[in-house]
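Note that the coordinates shown come from a computational prediction; the quantities given were computed from them, not determined experimentally.
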Amino acid sequence: MDPLPPVTPRCDGLYVAQWPEQDSFSYLRFYPDCWVTHVSSVGTPEQVARWIGRKRRDLGQGRYVMAGYEILFCLVSPRGRVDYTGVVPPDAALIELNSHSLINQHRGTAVHDFVPIAGFGVP
């Protein structure tokens, strides 16, 4: 049996999900060095793209690990920690994530759709 082809999240845009119980969006930005940044915002992907980044210490950040199609990461922010597990399909057009907040014990599942952003992923 052939091994699974390597899969990684896309780094040339943002992954976006709308939380059903809130009026905001969840944004994830992945980097080629296995770093991920997260923010919840009411802004559009283009608006958030202007300021989301790894130098922002007020955002959730952490390292992600891939095991086949599975992705694992925890995001740490000044508010606390949220753990994520999920699946990245071969085309990486979306990521289905299960989350567990260690801040308030909330558990949820959301599908984050990929939105390309001009200039992201360019060294």
Can you give me the closest heavy-atom contact between [X] and [Y], atom names plus distance?
{"X": "Leu75", "Y": "Leu28", "value": "CD1-CD2, 4.2 Å"}
{"X": "Asp12", "Y": "Phe114", "value": "OD1-CZ, 3.1 Å"}
{"X": "Arg56", "Y": "Trp51", "value": "NH1-CE3, 3.1 Å"}
{"X": "His38", "Y": "Ser26", "value": "NE2-OG, 3.0 Å"}
{"X": "Gln61", "Y": "Gly53", "value": "NE2-O, 4.1 Å"}

| task | Run the numbers on Val48 and Leu14 for side chain to side chain contact (heavy atoms under 4.5 Å, CB included), then give the verdict. | result | CA-CA 9 Å; Val48 171; Leu14 297 171; 4.3 Å; yes

| said: With heavy-atom distances below 4.5 Å as the criterion, would you say the side chains of Ser77 and Leu59 are in contact? | reply: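 A side-chain contact under 4.5 Å is absent here.
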
| said: Within this structure, what is the OG-OH distance for the pair Ser41 and Tyr27, rounded to the nearest 0.5 Å? | reply: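 Spacing of OG (Ser41) from OH (Tyr27) equals 6.0 Å.
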
| Aromatic ring pairing Tyr64/Phe30, orientation class (parallel under 30°, perpendicular over 60°, tilted between) |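 Plane angle over 60°, so perpendicular.
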
| task | Provide the full list of salt bridge (charged side-chain N to carboxylate O under 4.0 Å, His left out) pairs with a residue in residues 82-104, sequence neighbours left out, each pair given once. | result | Arg81-Asp83

Which Ile, Leu, Val, Met, Phe, Trp or Tyr residues join [X] in one cluster when any pair of side-chain heavy atoms under 4.5 Å counts as a link?
{"X": "Leu72", "answer": "none"}
{"X": "Tyr31", "answer": "Trp35"}
{"X": "Leu94", "answer": "Val111"}

Partners meeting side chain to side chain donor-acceptor pair (under 3.5 Å) with [X] (sequence neighbours left out):
{"X": "Asp113", "result": "none"}
{"X": "Ser24", "result": "Gln22"}
{"X": "His100", "result": "Gln105"}
{"X": "Arg63", "result": "none"}

| remark: Exactly one candidate in Leu97, Val65, Val87 meets side chain to side chain contact (heavy atoms under 4.5 Å, CB included) with Ile71; the answer is Leu97

Could you work out, with side chain to side chain contact (heavy atoms under 4.5 Å, CB included) as the rule, every residue matching [X], not counting sequence neighbours?
{"X": "Ile103", "answer": "Arg79, Val82, Ser101"}
{"X": "Val115", "answer": "Val16, Pro45, Ile117"}
{"X": "Gln47", "answer": "Thr44, Arg50"}

| task | Please name all residues satisfying salt bridge (Lys or Arg N to Asp or Glu O under 4.0 Å) with Arg54, sequence neighbours left out, ordered by chain then number. | result |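 If we apply the salt bridge (Lys or Arg N to Asp or Glu O under 4.0 Å) test to Arg54, skipping adjacent residues, the hits are Asp33.
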
| query | Can you list the steps and then say if Arg29 with Tyr15 is a side chain to side chain contact (heavy atoms under 4.5 Å, CB included)? | reply | CA-CA 7 Å; Arg29 181 174 180 187; Tyr15 285 89; over 6 Å; no

